[in-house]
Amino acid sequence: MNSPRVDAPEISIVVPCFNEESVLAETHRRLTSTMMEAGRTFELVYVDDGSRDRTPAMLAELQRSDPRVRVVVLSRNFGHQIAITAGLNYSRGQAVVLIDADLQDPPEVILELIARWREGYEVVYGTRTRRLGETAFKTKTAEWFYRLINRISEIPIPLDTGDFRLLDRKAVDALGAMPERDRFVRGMVSWVGFRQIAVPYDRAARHAGVSKYSLFRMVKFAVDGILSFSIVPLRLATFLGLAASAGALIGAVVVVVLALAEKLHPAGWMAVLLAGLFIGGVQLICLGIVGEYLGRIYGESKRRPLYLVRETCGFDDAITDPSTSFAEQVRQS
Ligand code: UDP
Ligand code: MG
């Protein structure tokens, strides 16, 4: 879809923003000064993900003062992963860097990402060696999550790696051709392959503002990741069922033997109740897991566009709306 144009910048920086008024000015300053240092042509694609604060106004202001800024305003809050997707679809650089707006990923690391790209790597991802300014709860659960998903996913997903990364145009186009709705971008990037390499870095604390990932969103994100990249939970249902039946069978044999040896004292209705509850619980869990996948299939089958754009600024008219052409592409496939 978005083939590189003759006048396309070398590097696009995609920044998803949701209520980031307190950091935007500083983020823009650090990004531009880093990119000036890199000495390459670039564009900054800011995606406003339905912010309710002054973020869109500030982005429009930035665009007026800096022609390298392009702004995509989504029609409502679609979530981090979809905002990134929109930014990727609108970017035109030969390489695209994804970076959060809150300066947790230090912009200066981009220089290293670019250096690796110049060496021939098509995906250069930042791996967090340390995470500052985050609760022990978040760091620990994130650590478990990456290890779990890596174990059960069909493809290896690098540990402790967020969305801070550089993608060559080839990888960006590959992602654009993946129409799935539950977008776990870091897993999808692993899936596309190409030559990939990690760049370790220390993740800083947020420059200002608060995390937009509530506990609920974090859980949803983790479940999306696991269900999009593994069918192990479906198998879990079979295993649980087998384990429960095996347990029941062994229990039955034991009871018969004890009864024959006249050692069994009637256990009463409690045992029956517990067994019933146990089996009922296993069945509900399994039904729930199947339901999760079914819900996702339902979501996919509706074939709605991934996001809607309210307005854009800084793009020349020659650019058609990639989200429209993307939806078109999905419809035709
Ligand atoms: N973000 C977004 N839409 C959302 C939530 C977050 O575009 O619905 C952006 C946010 O502005 C930031 C990035 O995604 O640039 C990461 O979010 P955040 O820093 O809140 O997450 P955390 O680093 O705490 O996991
Ligand atoms: Mg953050």
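For ligands, and for the atoms within them, numbers begin at 1 and follow the listed sequence.
- For ligand 1, the atoms lying closer than 4.0 Å to a non-hydrogen atom of R203 are 23 (O).
- Which parts of ligand 1 touch D102 is read off a 4.0 Å heavy-atom cut-off, strictly below it: atoms 19 (O), 23 (O).
- Around the Mg ion (ligand 2), the protein atoms of type N, O or S that sit closer than 2.8 Å are D102 OD2, Q104 OE1.
- Heavy atoms of E20 found under 4.0 angstrom from ligand 1 belong exclusively to the side chain.
- Defined by atom type and a distance below 3.5 Å, a donor-acceptor pair is present between the side-chain atoms of T161 and T127.
- Aromatic rings of Y125 and F164 (six-membered ring for Trp) have centroids beyond the 6.0 Å cut-off, not under it.
- Between E20 and D53 there is no side-chain heavy-atom pair separated by less than 4.5 Å.
- Between E108 and R30, at least one side-chain N (NZ, or NE/NH1/NH2) sits under 4.0 Å from a carboxylate O, which counts as a salt bridge.
- Listed by atom number, the atoms of ligand 1 under 4.0 Å from R217 heavy atoms are 4 (C), 5 (C), 8 (O).
- Proximity of C17 to ligand 1, defined as any heavy-atom pair under 4.0 Å, is confined to the backbone N, CA, C and O atoms.
- Heavy atoms of Q81 found under 4.0 angstrom from ligand 1: none, in either backbone or side chain.
- The S211 neighbourhood of ligand 1 comprises atoms 20 (O), 21 (O), 22 (P), 24 (O), with distances under 4.0 Å to a heavy atom of that residue.
- Less than 4.0 angstrom separates some heavy atom of Q104 from each of these atoms of ligand 1: 19 (O), 22 (P), 23 (O).
- Not one N or O on the side chain of S12 forms a donor-acceptor pair closer than 3.5 Å with the backbone of S91.
- Under a 4.0 angstrom heavy-atom cut-off, K138 registers as being in contact with ligand 1.
- Heavy-atom proximity to N77, at under 4.0 Å, picks out these atoms of ligand 1: 3 (N), 4 (C), 8 (O).
- Between A101, G79, P16, G87, it is P16 that holds the heavy atom closest to atom 7 (O) of ligand 1.
- Put simply, the residue from Y213, Y307, F221 that forms a ring-ring contact (aromatic ring centres under 6.0 Å, His included) with H80 is Y213.
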